[in-house]
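We use all heavy atoms of the structure for the numbers below, so side chains are in, but hydrogens, waters and symmetry mates are not. Source: prediction; values computed, not measured.
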Amino acid sequence: MCIDSGGLHLKTVPFPTISRSVRQVYRRRLLAPVFYLLFLSVLWLVTPLEGLVFPPQVTGEIPLQELRISHSHYITTTLSDLHFTGYTQNMSGYTNGYYYYTFQNDQCILVLLAPDTCSQGRSYIPRQRIRARIMENFADYDTLTEQLAADLGWTASGIRRQTPDVLLSEPGFHKLLSLLLPACYFLSGAFACISIVIYALFIRFPILAPACRRLHLYGDANKLLEQAESELSNALRFAKEQLFLTQNFLIVLTDDVTAIVPVSEIIWIYKRSRLDKFLWRHRRISYTLHILANKRLHLQCQNQSESDAEAIVTALSDANTAILTGFNEKNRIQIQNMTGKHF
């Protein structure tokens, strides 16, 4: 049971509070990468991303019916005896591809080749390996089959019976997208995995967390953490919300941040007000407490009431009379000369 020097709080602090706070912070942070990995897993299952990254290898005749049933959107295959239809696909005045046809199982398979692949419309290609997107009910089907029927002396209905409404589109297989999208997918997934491993280490070994590891700037991090834990349990001088002052340490334990600062290293503390608004209405004035310490440490405690901020400033200045208090030109210049940092 601990009572602060100003009689502000009567508070029981279980041991070890700092380690528990570190674990709680990183357990909450652990949720985001875990849910993101679940999202990536669902994305992999419900979108054609897998086929874009690892398109099925089709050898021999193309099983269009099986590909339809399996909802395959992309394939890698080798086509033989490709004949140019004489028609192109144009988009915004640009030739996107050249229509070819080949026969498999008494069926006429329509293929759209990229300009570079077919040398700008070569009349006959004996063999060509492509990565293609399978496009069903494509827009040019009716027009293309009518033109082919006229060129070959067939009826449109006759040629459509032999020509499935499916197009193997090489331009539809976006090569740049097939590189960038999987790269973003796997890199972000790797980052999430690394985050999970790091957060799990911080949960298992709180001393590895940045808040505790930063103590090495002021001495032996393990000894300072043990001392801070002990003082927090047995020598608490002041407690306000989630900010605690012991004989030698200022300890901040919020939902998102854990910070431990030796009181002797604090050089400046001041508060700044902020007007909180909701739509056009002014709700309240809150204060952000700025605490600066040696080794370029700048700690910000947000959403403080004016009375709480004043109480914290008073408690710290009583604990260390060398601390500069308040934001004014004299203090700003003095701290700027000490740290070399502009404020």
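- Going from atom SG of C212 over to atom CG of L208 covers 9.0 Å, rounded to the nearest 0.5 Å.
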Pair L168-I75, side-chain contact (heavy atoms from CB on, under 4.5 Å): steps then yes or no:
CA-CA 9 Å; L168 302 182; I75 61 170; 4.2 Å; yes
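- For the atom pair M338 CE and N331 CG, the distance stands at 10.5 Å (nearest 0.5 Å).
- In this structure a side-chain-to-backbone donor-acceptor pair under 3.5 Å is missing from S230 to E226.
- Inter-residue side-chain proximity for C301 and T288 is flagged as unmet; no heavy-atom pair is nearer than 4.5 Å.
- Considering every non-hydrogen atom in both S188 and L40, the closest pair reads OG-CD1, 4.2 Å.
- Annotation: the span from N328 atom CG to Q334 atom CD amounts to 9.5 Å, rounded to 0.5 Å.
- When the side chains of ILVMFWY residues are joined at heavy-atom separations under 4.5 Å, either directly or via intervening members, I333 and I269 end up in two distinct hydrophobic clusters.
- Distance check: L215 CG to L224 CG gives 5.5 Å after rounding to the nearest 0.5 Å.
- In this structure, the separation between CD on Q147 and CD1 on I159 is 11.0 Å, given to the nearest 0.5 Å.
- In this structure, F191 is not a member of the same hydrophobic cluster as L181, with clusters built from ILVMFWY side-chain heavy atoms closer than 4.5 Å.
- Relative to the six-membered ring of F327, R332 misses at least one condition, a distance below 6.0 Å or an angle of at most 45° to the axis.
- A salt bridge links K271 to E310: at least one charged side-chain nitrogen sits closer than 4.0 Å to a carboxylate oxygen.
- Under the 4.5 Å side-chain criterion, counting only non-hydrogen atoms from C-beta, I18 is in contact with L232.
- Both L31 and L38 are part of a single hydrophobic cluster, where members link through side-chain heavy atoms under 4.5 Å apart.
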Which donor-acceptor pairs under 3.5 Å do side chains of residues 118-127 form with protein atoms, sequence neighbours excluded?
from: Q120; atom 1: OE1; to: Y98; atom 2: OH; distance (Å): 3.0
from: Y124; atom 1: OH; to: D81; atom 2: OD1; distance (Å): 2.4

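- For the pair I196 and L37, the minimum side-chain heavy-atom distance is below 4.5 Å.
- Remark: L225 CG to R214 CZ distance equals 13.0 Å, nearest 0.5 Å.
- Donor-acceptor pairing under 3.5 Å is recorded for the side chains of T145 and R160.
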side-chain contact (heavy atoms from CB on, under 4.5 Å) evaluation trace for L297 with L292:
CA-CA 6 Å; L297 177 64; L292 281 78; over 6 Å; no
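- A 4.5 Å side-chain heavy-atom check between P206 and R23 finds at least one atom pair inside the cut-off.
- Between H290 and R272 there is a side-chain heavy-atom pair separated by less than 4.5 Å.
- In this structure, S317 contributes its side chain and T314 its backbone to a donor-acceptor pair below 3.5 Å.
- Across all their heavy atoms, Y141 and P164 have their closest contact at CE1-O, 3.6 Å.
- With S169 contributing its side chain and A132 its backbone, the two residues share no donor-acceptor pair below 3.5 Å.
- When all heavy atoms are compared, the tightest approach of V111 to L113 is CG1-CD2, 3.7 Å.
- Taking the six-membered ring where the residue is Trp, Y36 and F39 present tilted rings, their angle falling between 30° and 60°.
- Checking Q128 against T117 by side-chain atom types alone, no donor-acceptor pair falls below 3.5 Å.
- Within the 4.5 Å cutoff, the side chain of F138 has heavy atoms near those of the D165 side chain.
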Less than 3.5 Å apart, which donor and acceptor atoms pair up between the side chains of residues 242-253 and the rest of the protein, not counting sequence neighbours?
from: T246; atom 1: OG1; to: E231; atom 2: OE1; distance (Å): 2.7
from: T246; atom 1: OG1; to: N248; atom 2: N; distance (Å): 3.4
from: T246; atom 1: OG1; to: F249; atom 2: N; distance (Å): 3.0
from: T246; atom 1: OG1; to: F249; atom 2: O; distance (Å): 3.3
from: N248; atom 1: ND2; to: E231; atom 2: OE2; distance (Å): 2.6

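- The two atoms that bring T76 and R131 nearest to each other are OG1-CG, 3.3 Å, heavy atoms only.
- A distance-only check finds a donor-acceptor pair linking the side chain of E170 to the backbone of A114 [under 3.5 Å].
- Taking both residues in full, the closest heavy atoms of Y287 and S273 are given as CE2-CB, 3.5 Å, listed atom of the first, atom of the second, then distance.
- For the pair L144/L110, a side-chain contact is recorded, criterion being any heavy-atom separation below 4.5 Å from C-beta on.
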N/O donor to acceptor pairs below 3.5 angstrom from side-chain atoms of residues 82-89, sequence neighbours left out:
from: T85; atom 1: OG1; to: Y87; atom 2: N; distance (Å): 3.1
from: T85; atom 1: OG1; to: Y99; atom 2: O; distance (Å): 2.9
from: Y87; atom 1: OH; to: D151; atom 2: OD2; distance (Å): 2.8
from: T88; atom 1: OG1; to: N90; atom 2: ND2; distance (Å): 3.3
from: Q89; atom 1: OE1; to: N96; atom 2: ND2; distance (Å): 2.6
from: Q89; atom 1: NE2; to: Y99; atom 2: OH; distance (Å): 3.4

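- Put simply, the side chain of S233 gets close to the backbone of E229: a donor and an acceptor are under 3.5 Å apart.
- Closest approach of G97 to P115, counting heavy atoms only: CA-CD, 4.3 Å.
- Defined by atom type and a distance below 3.5 Å, a donor-acceptor pair is present between the side-chain atoms of D308 and S305.
- Distance alone, capped at 3.5 Å, places no donor-acceptor pair between the R129 side chain and the T78 backbone.
- Residues L79 and Q104 are in side-chain contact: their nearest non-hydrogen atoms beyond the backbone lie under 4.5 Å apart.
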